[in-house]
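Whatever order the structure lists them in is the order used to number ligands and atoms, beginning at 1. The analysis underlying the following values was restricted to heavy atoms, covering all of them including side chains, and did not include hydrogens, waters or symmetry mates. In what follows, residues are counted from 1 in the order of the sequence shown.
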Amino acid sequence: VGIWFIYSSVKKEVNLAQIKSEFISNVSHEIRTPLALISMYAETLEMGRVNSPEKAREYYQTINSESQRLNAMVDKILNFSRMEKGRYKFKTEVCNLYNICAEVLGNYQEHYNGADISFNADSLLPEILADKVSVSEALLNLIDNAVKYSRDNKKIEITTGHEDRMCFVEVKDNGIGISKKDQKHIFDRFYRVTRQNLANEVKGTGLGLSIVCETMKAHKGRVTVQSKPGAGSSFRLYFPVIRKSN
Ligand code: ADP
């Protein structure tokens, strides 16, 4: 037993070291692209090498949107760390899951130009107790993944509904899918499926689904996945319905 204990704790440490180094490398990759764009465009503007106001505006817009991307990533890492330590302040209120989804899609649809997103929603949902900010963030993580892990002809269907005193929102894609083996690990922090089999390398930190998990735990709900390699995936977030006191 003693030897096994030493072996398994050494193995755990090696795994942790590997996970840590992969995470640092993934984050560095994620930071590098927006930083390179920001500094290239800022330098070109500073040198006065942009000769039309339209071009200059385009460059400023890129600098702005890339800075927002960096900000979003830093927020993601900080939020995950707060949630993991139980320090994230979930501010729950009575709300309707349909309204949260409609708001998220209204605000962010322009970010997903390459994808055909449909919203088949049941607006007559029972009420739930939810922290709108973190639930929106969780939903965005799922939509983000549906876009990232799909090839051409990206079709994403978002559905809301309710069953057995639970309300749910489903995000379904026609992307690359996830093997049964990987489905067991995708909610682990930092875990990324290595062989994405996509033409371009897909960037990520491996934190998105862990954040979704922490958020659902805080809401006493759950997240489920159904997927088949090559056929697409569908993720569902379930929230308990508020019991009406008679
Ligand atoms: P990230 O996307 O930053 O790698 P996530 O925690 O969001 O991290 O996802 C973990 C892994 O799960 C991803 O690296 C990807 O391999 C897999 N995955 C998540 N969502 C999907 C999806 N919709 N289709 C296929 N694979 C997915």
Enumerate the atoms of ligand 1 whose separation from the nearest heavy atom of [X] is less than 4.0 angstrom.
X    : answer
K148 : 1 (P), 2 (O), 3 (O)
F235 : 20 (N), 23 (N)
G204 : 3 (O)
V193 : 14 (O), 16 (O)
Y191 : 10 (C), 11 (C)

Ring centres of F119 and Y98 under 6.0 Å apart?
-> yes
Who's closest to atom 7 (O) of ligand 1 heavy-atom-wise, of N174, N145, I211, V147?
-> N145
Between the candidates L209, V225, N141, which shows the shortest non-hydrogen contact distance to atom 6 (O) of ligand 1?
-> L209
Please check this pair: side chain of [X] against backbone of [Y], looking for a donor-acceptor N/O pair closer than 3.5 Å.
X    : Y    : result
S65  : T62  : yes
K172 : E157 : no
K155 : I117 : no
S67  : I63  : yes

Looking at CG of N96 and CG of L124, how far apart are the two atoms once the value is rounded to the nearest 0.5 Å?
-> 8.5 Å
One should read off an interatomic distance between Y238 OH and M166 CE, to the nearest 0.5 angstrom, of 8.0 Å
Any N/O pair D173/ligand 1 closer than 3.5 Å | yes
Report yes if some N/O of G206 lies less than 3.5 Å from some N/O of ligand 1; otherwise report no.
-> yes
Check for me whether [X] has a heavy atom closer than 4.0 Å to any atom of ligand 1.
X    : result
G175 : no
K203 : no
T205 : yes

Could you check if a side-chain atom of H219 sits within less than 4.5 angstrom of a side-chain atom of D131, using non-hydrogen atoms only?
-> yes
